[in-house]
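Both ligands and their constituent atoms are indexed starting at 1 by order of listing. Residues take their numbers from the sequence shown, with the count starting at 1. Since this is a predicted model, take the numbers as computed values, not measurements.
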Amino acid sequence: MTLLNNTLPEQRRGKLKSLLKRGALVRVLEAHNGLSGILANNVCVEGETENGPVRHEYDAIWESSLTDSASKGHPDIEVISFDSRLATISEILAVTSKPMIVDGDTGGDPNNFEYMVSKLERAGVSAVIIEDKVFPKRNSLETGAQQTLEDPQIFAQKIKRGKKILMTDDFLIIARIESLIAGKDMDVAIERAKIYLAAGVDGIMIHSKSKQADEVLEFARRFKAFPPELIKGKPLVCVPTTYNTITEDELAEAGFNIAIYANHLLRSAYKAMEETAKTILSNQRSFEADPQCAPVREIFSTVGFLDVKKKDEENELSTNVPVIIPAAGEDPVLKEQLKGKPKAMLDIAGKTLIQRQIEVLNHNNLTDITVITGYAADQMKAEGVTFIENKNYKKGTSLQSILSAKDKLQNGWLMLYADIFLQEHILPKILSCKEDIVLVVDNAPQYHQGEKRDTLDYVISKHKSKPTRRKISFVHENIVEKINSQVNLENATHEFIGLAKFSKTGGEQFLQTYQDCIQNHETMSQTTDPVFRMSFTDLIQKMIDRGFTVNFLEIHQGWLEIHQPEDIELANKLFYQSPPKFSHSV
Ligand code: SPV
Ligand code: MG
């Protein structure tokens, strides 16, 4: 999640020093904006060697003057102001947690340098490297570019000024020796290193644009031979851009403590961008360029957009989720008891079934309730709900009723069958589920084999064979493999109780699958029923067949459905107890 702080300045600043104490070569990668910073911070490779598993990642981030300037479309000649550099630095720090080494160019004059050091230390940067050239410097890599070295004593003075204003021991000032870049010989470089060390600098970077590592290796050899008190705890830094065949192990062996890959993310991004731009031009469409591009979703994931989406959904789900109760159908079994009324109007211990459902929902802050009426719609009465009439209830199923509340299905919703009683504790459980589609299922079929019941909503779980003993189950691991007409009591692991939750994404998948079925005139797999006869659980099966994940929340008891006259009797009895205790094994 990149909107939040990954670390704080005081936590990050000392990390480079700690890494150096570890003794291994500190591997540093350039970043020039937030996104490349995230990559430098997070990319890792893992593998196996004969000595066991290995994991490689970058230890720190290099904020380069070359790539910061180039990102802004300008040459690396100290024309980009320090405050503009600081904006890039802050951008990267905001989305990373690893230590940062800043390329401070010449550092300007001593006052400029104090300003730079104070701002960087405050920001949580771990080190600044300044080069011993005269302001405004020219980039070091271009052959023939004018390179004017600073007087070493003046440069040493600047180092002293910087060191003096530091407020912590965590921040390093490293001197970068440009003698070899300016065509001077090794003795000059060595001499300057001694002067800067004597002035109290925290480390030395030797720069070279030679194709071979010989120059830096010779410098390292001579550096090691300096008096121990001069170099004790003073890291030696290199930038192997031109001499790029030398390995990290070889550099470490030579005595280097920090290796900086100084411009590789910018250079590779530039090449990829140019290639993509040309591919689109050549083809006059973007299809051919697509394989060269990261999927949009990968970028979304990297910059934290998917986290934001998830949080938005969680917010929506924690605030008055719409509840859809499909109650349109005529009950063929309880005709006698209902006397022409809809089933939801059945009186149970002095209150209608629907009123009891509303009370339980309201107790869980669910007040946006839509009841879909159909059969005997004019007789459906309840306080505090919206009624939508499904005039075609005879032709369709409860799925058609649910779909008639389409406006409520846009931002996450709950579906509750009209003929079940729930104990209160079930609703908070399903509301706290993070998964996109969750069905509440009872594990009764696992314990009550042989009790034939008339429900059709049996479920087979994907991972679990029928357990012999109870264990804790986690919703994200509970995946529905089959539901409804393809499942019978003998092979069922669970029974769907008629309560389901959809997140915004889950709801979109639900509607999208339905549209798909309509467009393809899909009938149910084992019957010739047309699409409109498809039930809610049939559509869930269609979603599973298309690869969408449907999770389940497992419960044991705590609910009661009204399917048979005996269920009414039992419910009446239970509701005269307080609180009613539902045992599903009727
Ligand atoms: C940078 O990355 O800006 C550097 C290293 O200073 S170099 O470009 O090699 O000079
Ligand atoms: Mg630079």
Minimum heavy-atom distance between Ile165 and Glu121, given as atom pair plus value: O-OE1, 4.4 Å
Between Cys238 and Tyr243, what is the shortest heavy-atom contact and its length? CB-OH, 3.4 Å
Distances under 3.5 Å, N/O of ligand 1 against N/O of the protein: list each pair and its distance.
unit_1, atom_1, unit_2, atom_2, d
ligand 1, 2 (O), Trp62, NE1, 3.1
ligand 1, 2 (O), Ser64, OG, 2.8
ligand 1, 3 (O), Ser64, OG, 3.1
ligand 1, 3 (O), Ser65, N, 3.2
ligand 1, 3 (O), Ser65, OG, 3.0
ligand 1, 3 (O), Leu66, N, 2.8
ligand 1, 3 (O), Asp103, OD2, 2.8
ligand 1, 6 (O), Asp103, OD2, 3.0
ligand 1, 6 (O), Arg176, NH1, 2.7
ligand 1, 6 (O), Arg176, NH2, 3.3
ligand 1, 8 (O), Asn139, ND2, 3.0
ligand 1, 9 (O), His207, NE2, 2.8
ligand 1, 10 (O), Arg176, NH2, 2.8
ligand 1, 10 (O), His207, NE2, 3.2

Thr96-Arg12 side chain donor-acceptor pair, cut-off 3.5 Å: yes
Going by atom types alone, do Lys72 and Thr88 pair a side-chain donor with an acceptor below 3.5 Å? yes
Set of residues satisfying side chain to side chain contact (heavy atoms under 4.5 Å, CB included) with respect to Gln410, sequence neighbours excluded: Lys406, Leu511
Hey, can you pull the donor-acceptor pairs under 3.5 Å for the side chains in residues 217-231, sequence neighbours left out?
unit_1, atom_1, unit_2, atom_2, d
Arg222, NH1, Asp187, OD1, 3.0
Arg222, NH2, Asp187, OD1, 2.9

Lys/Arg-Asp/Glu bridge criterion (N-O < 4.0 Å) met for Asp132, Arg192: yes
Decide whether Glu131 and Thr106 meet the rule of one side-chain donor and one side-chain acceptor closer than 3.5 Å. no
Less than 2.8 Å away from the Mg ion (ligand 2), how many protein N/O/S atoms can be counted, ignoring water? 2
side-chain hydrogen bond (donor to acceptor under 3.5 Å, both in side chains) between Ser97 and Asn6, intermediate numbers included: CA-CA 5 Å; Ser97 58; Asn6 291 281; 5.7 Å; no
